[in-house]
Number of protein chains: 4
Amino acid sequence: MDMDTARLITGTGRKPKGMGPERREEILAHALRLFSEHGVHTVSTRQIAGAVGISQPSLYAYFPTKQALVEEVCKRAFGALTERMRAVIGQASGRDLMATMGRAYVDFGLSQPDAYRVAFMIEVARPDGGLAQDPALMAGIEAYLLHREAVVKVMGGGLSEEAIDLLAQSQWASLHGLVSLLIARPTFPWVDRERLIEAHIDSLLPPPTAKPSRVSGT
Amino acid sequence: MDMDTARLITGTGRKPKGMGPERREEILAHALRLFSEHGVHTVSTRQIAGAVGISQPSLYAYFPTKQALVEEVCKRAFGALTERMRAVIGQASGRDLMATMGRAYVDFGLSQPDAYRVAFMIEVARPDGGLAQDPALMAGIEAYLLHREAVVKVMGGGLSEEAIDLLAQSQWASLHGLVSLLIARPTFPWVDRERLIEAHIDSLLPPPTAKPSRVSGT
Amino acid sequence: MDMDTARLITGTGRKPKGMGPERREEILAHALRLFSEHGVHTVSTRQIAGAVGISQPSLYAYFPTKQALVEEVCKRAFGALTERMRAVIGQASGRDLMATMGRAYVDFGLSQPDAYRVAFMIEVARPDGGLAQDPALMAGIEAYLLHREAVVKVMGGGLSEEAIDLLAQSQWASLHGLVSLLIARPTFPWVDRERLIEAHIDSLLPPPTAKPSRVSGT
Amino acid sequence: MDMDTARLITGTGRKPKGMGPERREEILAHALRLFSEHGVHTVSTRQIAGAVGISQPSLYAYFPTKQALVEEVCKRAFGALTERMRAVIGQASGRDLMATMGRAYVDFGLSQPDAYRVAFMIEVARPDGGLAQDPALMAGIEAYLLHREAVVKVMGGGLSEEAIDLLAQSQWASLHGLVSLLIARPTFPWVDRERLIEAHIDSLLPPPTAKPSRVSGT
DNA sequence: TATGAATGAGTCTTCATTCAT
DNA sequence: GATGAATGAAGACTCATTCAT
């Protein structure tokens with residue numbers, strides 16, 4: 001009795017829906033959700049397979065390893081953030097651009113905590129026992145460069161390359177701090193979230209140097 | 001070969017060294033290091049015991065549970081931070097106090113990345129599969145309150161309770177963002193670390209220029 | 001030597017034999033035997049798996065927990081007893097019914113000492129450190145009710161509900177005492193087992209001599 | 001620094017009370033209680049030591065092994081039963097003696113369920129993997145012989161040796177059944193316990209052959 | 001004598017992964 | 001391409017026991 005015959009007899013029903021690439025996407029989506037809900041370490045391949053509705057070994061048709069799946073999820077998450085940033089970078093200019101970018105960043109993190117958590121806050125595998133060369137942030141340099149670009153647009157040409165990086169990194173860190181804490185410690189007695197975000201974004205740029213009204217200074 | 005013979009040969013003897021409280025401290029130190037290097041989930045009690053040089057069950061003479069060990073490590077880490085902050089809060093005033101506090105915070109995080117990581121960045125147990133109610137940040141409220149106190153001292157009495165919290169939380173988030181990113185992604189192409197920190201701390205408070213209040217500025 | 005090579009040499013292959021439900025039954029059978037031979041507490045899942053010829057984790061494909069396995073074994077044991085009793089309750093009447101039932105009970109216990117031991121004599125889990133609320137006897141109430149039914153048939157309608165229970169419980173206890181002692185202490189210098197059983201069952205009902213009241217009989 | 005000096009300095013307080021034999025008794029008493037409350041397998045030497053107020057290793061000064069402790073506890077329990085039976089065997093004669101003995105047996109079991117459980121119902125160690133040559137029941141033959149003696153007294157000389165054993169063993173089994181079930185399954189919907197015991201004991205002997213009422217016969 | 005400290009062997013259970021079909 | 005079944009390795013934790021003091 002050959003394999004196909006056996007299958008016909010036993011009637012082991014396959015899951016006909018969305019094989020191939022769609023199935024892969026489905027897996028990634030469920031994994032993203034589960035990872036950020038319960039943490040990468042807590043979620044087992046069995047759970048992922050169960051959520052997708054396939055068998056555990058079937059995962060291995062799409063990803064050679066759990067680690068590979070995790071990394072792909074991270075890359076996707078970063079991709080989503082980059083996309084969001086790219087979408088807004090042309091929508092404003094001057095100080096407004098900074099506010100817009102900051103808002104986009106925060107909104108992304110809070111509206112997709114799953115993705116953000118996976119991208120920035122997750123303990124990734126550390127193969128050799130040291131700190132990891134985390135593929136996620138490495139891929140995230142692209143997102144950083146977008147942010148840096150926005151800084152250039154906002155600050156005009158008067159800054160050195162290093163000054164630009166300095167500002168961009170400081171701002172990035174500031175934004176990340178807010179988003180990560182809001183996500184990670186939702187039970188902390190935060191002030192009104194909306195006001196906090198607004199104030200935080202406002203503080204990203206120093207107030208316009210010249211007193212714009214009334215008495216002018218330099 | 002009976003057991004005694006085997007013991008003589010392999011030399012599996014008791015380890016009389018450092019009993020009692022010192023042993024406990026030793027365990028905590030190794031656990032702190034391992035947790036921050038590899039993550040709480042990845043480090044097993046076996047590994048901790050191995051690092052300390054004792055057997056796995058011996059851990060349980062000092063901590064009833066891995067979770068208890070983790071929590072103690074967290075408490076210590078937070079305690080160290082609070083101590084550091086308390087130490088500096090009286091050493092400066094005005095804007096300098098803010099810089100001093102910020103510097104203390106960042107220094108703590110960078111000089112004790114293990115502790116910081118454990119205290120702020122670690123995935124703690126999630127009881128119901130939801131977000132964790134972790135003892136760490138809850139205990140960390142004490143540290144926050146110290147920071148808030150500093151804000152009050154710096155800003156004087158002109159701010160409402162809410163405004164104080166707003167500023168304090170935004171600053172805290174900003175500091176956390178910098179420290180956590182520097183710790184978590186050391187391989188990112190950061191600008192000069194010292195300048196970045198300085199600039200970041202400087203940006204915590206708006207520049208002292210003109211008092212914008214009362215007299216309106218746009 | 002890599003893993004594959006090692007596997008070829010040691011021959012650690014899969015064990016395709018008897019999958020699915022048969023495997024489950026096989027596990028139950030071995031567990032029943034081992035539990036009754038050595039006691040539930042003494043038998044480890046490793047031992048059960050070893051007896052069945054599968055790996056320890058494979059057990060968990062069939063039973064989520066050792067406790068679940070124990071409970072299934074108990075349920076089966078009780079089910080077998082109930083079945084046996086139900087089979088004979090219609091086969092006799094009058095005093096004969098009592099003897100038949102008693103005989104069925106004793107035969108069950110002695111011919112399936114494993115099951116009987118598991119059902120009646122085993123220390124089950126004690127949730128609060130107190131006496132156990134074990135699922136076994138609770139499920140065994142069904143068997144008791146069958147016995148009670150037989151008592152009703154035998155004694156006719158002249159007894160109050162309470163008198164019926166009184167008699168049924170006393171008889172049940174008596175039967176249990178014999179079976180459990182014969183099983184538990186086989187090395188005791190018992191008299192001829194067959195005669196003992198017969199006499200014991202005979203003693204369950206008072207001799208039919210004269211009906212002490214009303215109409216005198218033989 | 002010698003040992004005694006060290007002890008004086010560290011002040012490791014010994015427990016001065018009842019050393020030697022009293023201490024041994026204390027251990028046995030606590031063990032009996034714990035074993036019957038939680039089961040032999042569930043109670044650890046640590047728990048016993050803790051209950052007694054001594055250190056775990058100190059147990060090994062009195063009993064070479066947990067098993068030895070268990071066996072001693074069993075022997076004591078049987079001793080207590082034998083004592084009780086011996087105490088009542090001279091207090092009655094004829095049918096009353098049987099009732100008195102039965103009552104003593106049941107009372108012993110119910111008033112000292114700890115001892116009874118340990119003596120009769122406990123899973124003892126089965127060293128070779130088979131059914132145990134349980135030291136408890138073996139020691140309990142003495143108690144059986146007392147019961148047998150009572151049967152002789154009650155039934156007069158008209159019975160063969162074998163008939164005596166037959167009756168004695170059947171009765172013993174009957175009593176054991178009641179006691180063990182009452183102890184083991186206290187939550188079963190038993191009828192009034194007192195009536196049940198009385199009826200059960202009454203049924204141990206066949207009713208006096210002659211109709212006792214009204215017309216006397218001998 | 002008694003103990004604090006320690007331990008090897010064992011408990012149940014879960015995991016990522018692989019095999020044969 | 002998919003799966004049911006299985007597994008080695010590891011997880012946290014407990015136990016009876018022993019050693020040096």
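Naming: A, B, ... by sequence-line order, numbering from 1 per chain.
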Margin query: What is the separation between atom NE2 on C:His41 and atom P on F:dA16, rounded to the nearest whole Å?
Written below: 12 Å
Note to self: Any side-chain N or O of B:Ser44 below 4.0 angstrom from OP1/OP2 of F:dA10?
What the structure shows: no
Check: CD1 of C:Ile54 versus C1' of E:dT13: gap in Å, rounded?
Finding: 14 Å
Notebook entry, point to check: Between C:Glu22 (CD) and F:dA6 (C1'), how many Å, whole number?
Noted result: 16 Å
Notebook entry, point to check: F:dT3, E:dG8, E:dA6: which one has an atom nearest the side-chain heavy atoms of B:Ser58?
Noted result: E:dA6
Notebook entry, point to check: Is a donor-acceptor contact shorter than 3.5 angstrom present between the side chain of C:Gln56 and the base of E:dC12?
Noted result: no
Check: For F:dC15, does either OP1 or OP2 sit under 4.0 Å from a side-chain N or O belonging to D:Thr45?
Finding: no
Margin query: Is there a side-chain contact between A:Tyr62 and the phosphate of F:dA2, meaning an N or O under 4.0 Å from OP1 or OP2?
Written below: yes
Between side-chain atoms of residues 53-60 of chain B and protein atoms elsewhere (two or more places apart, or another chain), which donor-acceptor pairs fall under 3.5 Å?
residue: B:Ser55; atom: OG; partner: B:Ser58; partner atom: OG; Å: 3.0
residue: B:Gln56; atom: NE2; partner: B:Thr45; partner atom: OG1; Å: 2.9

Next item on the list: Consider the side chain of C:Pro57, meaning its heavy atoms from C-beta on, and name the nucleotide among E:dT14, F:dA6, E:dT17 that approaches it most closely.
Entry: E:dT14
Item checked: Contact nearer the 5' end of DNA chain F, comparing D:Thr65 with B:Val43 -> B:Val43
Note to self: Please enumerate all residues that pass side chain to side chain contact (heavy atoms under 4.5 Å, CB included) together with A:Ala61, with sequence neighbours excluded.
What the structure shows: none
Next item on the list: Round to the nearest Å and state the distance from D:His38 atom NE2 to F:dC15 atom P.
Entry: 13 Å
Next item on the list: Round to the nearest Å and state the distance from A:Arg23 atom CZ to F:dT3 atom C1'.
Entry: 12 Å
Next item on the list: Look at the side-chain N and O atoms of A:Tyr60 and state whether any lies under 4.0 Å from the OP1 or OP2 oxygen of F:dT3.
Entry: no
Checklist line | Backbone of D:Val70 reached by a side-chain donor or acceptor of D:Lys75 within 3.5 Å | finding: no
Notebook entry, point to check: What's the spacing between A:Glu71 CD and A:Arg76 CZ if we round to 0.5 Å?
Noted result: 13.5 Å
Note to self: Could you write out DNA chain E as dot-bracket? Rules: Watson-Crick or G-U wobble, both distances under 3.5 Å, brackets [ ] for crossings, | for pairs with another strand, dot for unpaired.
What the structure shows: .||||||||||||||||||||
Check: What integer distance in Å separates D:Leu69:CG from F:dT17:C1'?
Finding: 14 Å
Checklist line | Nearest-Å distance for atom pair CD/P, residues B:Gln47 and F:dC13 | finding: 15 Å
Next item on the list: Given side-chain contact (heavy atoms from CB on, under 4.5 Å), test C:Ile48 with C:Phe35 step by step and report yes or no.
Entry: CA-CA 9 Å; C:Ile48 299 171; C:Phe35 285 160; 3.9 Å; yes
Checklist line | Proximity to the side chain of A:Lys66 - top-ranked nucleotide from F:dA2, F:dC15, E:dA16 | finding: E:dA16
Margin query: Does anything in residues 27-36 of chain D form a salt bridge (charged side-chain N to carboxylate O under 4.0 Å, His left out)? List the pairs, not counting sequence neighbours.
Written below: D:Arg33-D:Glu37
Item checked: Those residues that, when tested against B:Ala77, pass side chain to side chain contact (heavy atoms under 4.5 Å, CB included) (two or more places apart) -> B:Ala115, B:Ala119
Margin query: Looking at F:dA9, I'd like to know if its phosphate oxygens (OP1 or OP2) sit under 4.0 Å from a side-chain N or O belonging to B:Arg46.
Written below: no
Margin query: Between P on E:dG8 and CG on B:Leu59, what's the gap in Å once rounded to a whole number?
Written below: 13 Å
Check: Can you list the residues that meet the side chain to side chain donor-acceptor pair (under 3.5 Å) rule with D:Ser44, with sequence neighbours excluded?
Finding: D:Gln47
